[in-house]
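By convention in this document, chain letters (A, B, ...) are assigned in the order of the sequence lines, proteins followed by strands, and residues within each chain are numbered from 1. Treat the numbers as computed from the prediction; the structure is a model and nothing was measured.
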Amino acid sequence: MIHELPKVYEHKPVEQRWYRFWEEKGYFHSEPNPNKKPYTIVIPPPNVTGALHLGHALNNTLQDILIRRKRMEGYETLWVPGTDHAGIATQAVVERRIWQEERKTRHDLGRTELVRRIWAWKDEYENRILSQLKQMGCSCDWARTRFTLDPICTRAVRHTFFRLFCEGLIYRGKRLVNWDTTLQTVVSDDEVFHETVPGHFWYFRYPVIDPRPGEPKYVTIATTRPETMLGDTAVAVHPFPARALEDAIVDVEKKLSKASGKERAELEAELADLRRRQRELLPELIRLRDMAADGRRVLLPLVNREIPLILDEWAKPEMGTGCVKITPAHDPNDYEVGRRHQLPMVNILNPDGTLNENAGPYCGQTILEARQNVVRDMEGLGLLEKVEDRLIDLAHSDRSKTPIEPMLTDQWFIAMKDLAQMAMDAVIDGRVKIIPARYAKGYLDWLAEKRDWPISRQLWWGHQIPIWYCQTATEEEIKRAFAGRDDVAWRWDSEGNQWLICVREGELSEDAIPGHKLRREEDVLDTWFSSALWPHSTLGWPDDTPEMRYYYPTSTLVTSRDIITLWVARMVLAGLHNVGEVPFREVYIHPKILDAYGEGMSKSKGNGVDPVDVMEKFGADALRFALAYLTTETQDIRMPVDFECPHCHKFMEQTRENRILPRLRCPHCGRDFATQWAEKPEDKALPRALVVSERFEVARNFCNKLWNAARFVLINLEGYQPARVEADQLQLEDRWILSRLASVTEQVNQALDEYRFGDAARILYEFSWDEFCSFYVEMVKTRLQNPALRPVAQRVLVWVLDNLMRLLHPMVPFVTEEVWQHLAQLAPERGLDEPRRAAESVMIAPWPTPDKRFFSRQVESQFRVFQEVLRAVRDIRSRQNIPPRQEIEFCVRCDEDTAALLNPMGMYFAAMAKARLKAAGPEVQGPPLAAQANLPGIEVYVDLAQLIDAEAEIRRKRQELARLEQMIDKKRQKLADRQFLEKAPAHVIEREQASLRQLEEQYAVAQAALGRLLVQVQNS
RNA sequence: GGGCGAUUAGCUCAGUUGGUUAGAGCGCCACCCUUACAAGGUGGAGGUCGCUGGUUCGACUCCAGCAUCGCCCACCA
């Protein structure tokens, strides 16, 4: 059976076999257990918009590493999985799909049908996402899978909303939104793209009402959007125009002193303009300022409305005409000005982008029609001063490509003042620790603004806001209708002239108040509202469940930096508000995955990598190990993307140019293949290339190395008998590998405690490959041939492998389980003290703790001497081009201690360098014709007799001498420096002196060796 | 505009509180299919640590400035 073990690690069957095994054994499931300490993670729920990408793979790998380790450490570990309904994103994806396939809009389908379709989509992608997680090996408790729109989460949402409503923290108010006139919907800021388009700057004159002598007759304003003047409610001037201009000039001068080239020319032009303004414009601005202070008004032409001149710093004298028209209902900045001055807010737009009755004579026109007509009419009145060409940065809707109209609408908000403060305090006083700590700043800065949270979205996919409106009922009637119900609350909305009625659970019928009609709020809640509750809603809040009592607060949140504010901050405040306790103790922020160009990965760019492709090619363990290995504290993960040709399986680099093409030609075999963009039937018919990255190869090779190391052990376990191993039975290499194992165990523990995943991976990689495989396994080979030495070698070998598999399991769960199960067949009982029966799965085996007894600095440094001598011998073989099969002889001149150490290692030199150690000790003299290497205090001579290439050896010695000379010079200089001798600490000086002595000694040895070589060459 | 991070070998990255000769993987060169592993082994070449100053006996490491790149936030009549 052993001989059937494949030479190459085959990940596919292994992954399927053991994942099923773990699930069947119920290892993933967690129940509150008073005898254990809990360790809990809630997954950042992936959006059901699509499949998982590499970023998710990273996020979930790290969580699984934490969870698996803690599980092995004996914690009751719970990892709650789930997905997020991701309101806007999901609805948009499905709507787009329906439009492409059926040419229908959501209005054609209606709310119920659209929502039904999105649920179907959700089912499909949720499945896909969960199966991707399983394929990666994630040890989530699948029985507790949640979805942010499922009944459990919905209940938490409703209770939260109701409570906030009762506390008066939820309110209704006006807000400017990005309005898409084509889709007739609000779009979020990140669905808006900016494009620079050619446009104009129109200069309009607004007549001053009853100008006094010496006062200007007009105020001139400049605008890129003439039609919005119909909604103007003021004209603003700066309260201190002279000072403001002066400040601007100082600012530009400062920049100018540092600038150069093209930038300089621009700044100089700017400065000239400012100076001109100071001369020509300032007197008028001062007069206007005084008029504004005096409460004077201007006449808004075309609609003939009197509007005030106001003083506001928003009117920058260095911009435009120095005066600015204020349109609070259609410009974000003007909105702020309007609020500061309590200006009326005149909305001039209908949802379809035509002008409404507030636009007077322009009512019914489109924006563009109105723009032309307004300009024409102003010109007719003689109020158009001039028109300039100008490039304008215009916001467009991502989805419909039409220009965005800022529009004032009714929205729901959460008052953040106190909630934000609570969330800030939790991080400031350390109840929530953010790692790396630098990310706390962004969190605190954002919360410190305490901007109210707009929670309503004009969508159909999401938690519908549980508010019913009634305009006609009296408070008495409401009280009567809901008498005795503490789950209904109401409040009068003076702005909308209506009752707002909120209910904690369930629905209110239209006629819940006899004789009146209730209308339900159509909007849904921001996705982050339900996400904010995730750590407690998934555990059953608002009920006082055993889960809430046991698992809450959760232990660690693992997420990426771009949602620290949107999500992490809101979870903290929601947890504090609802439960009275933080949602998690630690937040670990991991790096972002970027492509070869340093750009983030995304579907639209076409540079995304599906972890399934990677697992297909390299295996889940390779995916996981590579990601862990690349996770360092400060560096994002650069991941060049390759297509794998489906014909010849060679890689083709993905570039900015080829990454969005439907079909590509392999540069290696010349055949065509399809990509994810293939749409035409002839493209789709081609085999599709996997999209992967060469960066996973290292990890795949590592898994293979582990597999083969284990294979070696398994092949050599015949006759294995578990038994206690006494200290005096251990050879130097045993004590060395056990010492190394102890320190590696300690280092890995520390690294994982501090979320240094990359370090942990590196430590294990190097230990496994460079120490366990390259040395221990090689050395044990000889002992295994010797019946007397074999049993102890087997026991130590098995024990180290056992420990190594346990240490590696959180990162590479599949290959370690495979090895573990094979070991169980041949060596079910293992251990150096009292051998014990190993756990039935490495997943539940105890996590290794460092065995301090074996930790020995002395053994490690002794072993290093052996390694160095071995390396010197190998080096000589290589540089002398000695055929690999040719055995050579060597001797070592060294002190007695070193000799005592090297002499018993003879068999290892034979096995590992095909070299026979003839003698070692202080009396040893090198043979006349020898290749020589000198290490500090050790001279290695390889007897080469006829074989030697003396010239090469002489050349090499000369190089070596030159190098040593250089180093000695540097050292002598340093040690001659009085400053250094006076100020450097004693131990540093001592070390330098010792090092110099050693170099000098090595120099002398090398020189002597060179001398001998020269003599020999001359003689022959 | 504000904040954060990065810049080390051809590429991708490590580099402990400042102290011997700055490391790894891939790629490259030479030799090897040696019965765990060619997804491997042995050896090698390759670096003025982005630039300029400063602190220090001593700087890849600390400080300041500059340059380039990236991310987040704000803003652009």
Pairwise [atom1] distance for [N] and [M], with rounding to whole Å:
{"N": "G46(B)", "M": "C26(B)", "atom1": "C1'", "value": "14 Å"}
{"N": "A9(B)", "M": "G27(B)", "atom1": "C1'", "value": "11 Å"}
{"N": "A30(B)", "M": "A45(B)", "atom1": "P", "value": "15 Å"}
{"N": "C29(B)", "M": "A36(B)", "atom1": "C1'", "value": "28 Å"}
{"N": "C69(B)", "M": "A24(B)", "atom1": "C1'", "value": "24 Å"}
{"N": "C28(B)", "M": "U21(B)", "atom1": "P", "value": "33 Å"}
{"N": "C49(B)", "M": "A59(B)", "atom1": "P", "value": "12 Å"}
{"N": "C51(B)", "M": "U8(B)", "atom1": "C1'", "value": "15 Å"}

Mind checking salt bridge (Lys or Arg N to Asp or Glu O under 4.0 Å) for [X] and listing every partner two or more places apart, or none if nothing turns up?
{"X": "R225(A)", "value": "E227(A), E405(A)"}
{"X": "R451(A)", "value": "E449(A)"}
{"X": "E10(A)", "value": "none"}
{"X": "R762(A)", "value": "none"}

Shorter than 3.5 Å, N or O on both sides, protein versus nucleotides 59-62 of chain B: list them out with atom names.
none

*Can you list the residues that meet the ring-ring contact (aromatic ring centres under 6.0 Å, His included) rule with Y206(A), with sequence neighbours excluded?*
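Once residues adjacent in sequence are excluded, Y206(A) has no partner under the ring-ring contact (aromatic ring centres under 6.0 Å, His included) criterion.
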*H200(A) and D389(A): side-chain donor and acceptor closer than 3.5 Å?*
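Indeed, the side chains of H200(A) and D389(A) share at least one donor-acceptor pair under 3.5 Å.
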Do the side-chain N or O atoms of [X] get closer than 4.0 angstrom to the phosphate oxygens (OP1, OP2) of [N]?
{"X": "R451(A)", "N": "A74(B)", "value": "yes"}
{"X": "N708(A)", "N": "G40(B)", "value": "no"}
{"X": "K781(A)", "N": "G41(B)", "value": "no"}
{"X": "W769(A)", "N": "G41(B)", "value": "yes"}
{"X": "K7(A)", "N": "C37(B)", "value": "yes"}

Can you give me every donor-acceptor pair (side chain of residues 985-1001 of chain A, partner residue at least two apart or in another chain, under 3.5 Å) with its distance?
unit_1	atom_1	unit_2	atom_2	d
E992(A)	OE1	K971(A)	NZ	3.2
E1000(A)	OE2	R972(A)	NE	3.2
E1000(A)	OE2	R972(A)	NH2	2.7

_Tell me which pairs pass salt bridge (charged side-chain N to carboxylate O under 4.0 Å, His left out) where either residue lies in residues 693-706 of chain A, with sequence neighbours left out._
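Every candidate salt bridge (charged side-chain N to carboxylate O under 4.0 Å, His left out) pair involving residues 693-706 of chain A fails, so no pair, neighbours aside, qualifies.
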The side chain of [X] is closest to which nucleotide in this list: [options]?
{"X": "K705(A)", "options": "A77(B), G41(B), G70(B)", "value": "G41(B)"}
{"X": "K316(A)", "options": "A77(B), U42(B), U34(B)", "value": "A77(B)"}
{"X": "V324(A)", "options": "A77(B), G25(B), A36(B)", "value": "A77(B)"}

*Please report the C-alpha distance between D273(A) and R277(A) in whole Å, then the side-chain angles of each, then the deciding distance to 0.1 Å, and finally whether the salt bridge (charged side-chain N to carboxylate O under 4.0 Å, His left out) criterion is met.*
CA-CA 6 Å; D273(A) 179 61; R277(A) 282 164 183 273; 2.9 Å; yes
*Establish, yes or no, whether the cationic atom of K781(A) lies under 6.0 Å from the six-membered ring centre of F712(A) and within 45° of the ring axis.*
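Yes, K781(A) sits over the ring of F712(A).
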*Is the F696(A) ring parallel, tilted or perpendicular to the F618(A) ring (thresholds 30°, 60°)?*
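Rings of F696(A) and F618(A): tilted, 30 to 60°.
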_Please enumerate all residues that pass side chain to side chain donor-acceptor pair (under 3.5 Å) together with D770(A), with sequence neighbours excluded._
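With sequence neighbours excluded, D770(A) shows a side chain to side chain donor-acceptor pair (under 3.5 Å) to no residue whatsoever.
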*With ring centroids as reference points, do F909(A) and F890(A) lie under 6.0 angstrom apart?*
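Between F909(A) and F890(A), the centre distance is under 6.0 Å.
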Check the interface with nucleotides 43-50 of chain B: list each N/O to N/O pair with the protein under 3.5 Å, or write none.
unit_1	atom_1	unit_2	atom_2	d
G43(B)	O2'	S878(A)	OG	3.2
G44(B)	OP2	R871(A)	NH2	3.3

*Would you say W202(A)'s side chain and I221(A)'s backbone share a donor-acceptor pair under 3.5 angstrom?*
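Pair absent, no side-chain N/O of W202(A) close to backbone of I221(A).
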*Under a cut-off of 3.5 Å for both distances of each Watson-Crick or G-U pair, what dot-bracket string does RNA chain B give, using [ ] for crossing pairs and | for inter-strand pairs?*
(((((((..((((.....[...)))).(((((.......))))).....(((((..]....))))))))))))....
*Using a 4.0 Å heavy-atom cut-off, write out nucleotides 12-20 of chain B from 5' to 3' as B (base contacted by protein), S (sugar-phosphate only) or - (no contact).*
SSS----BB
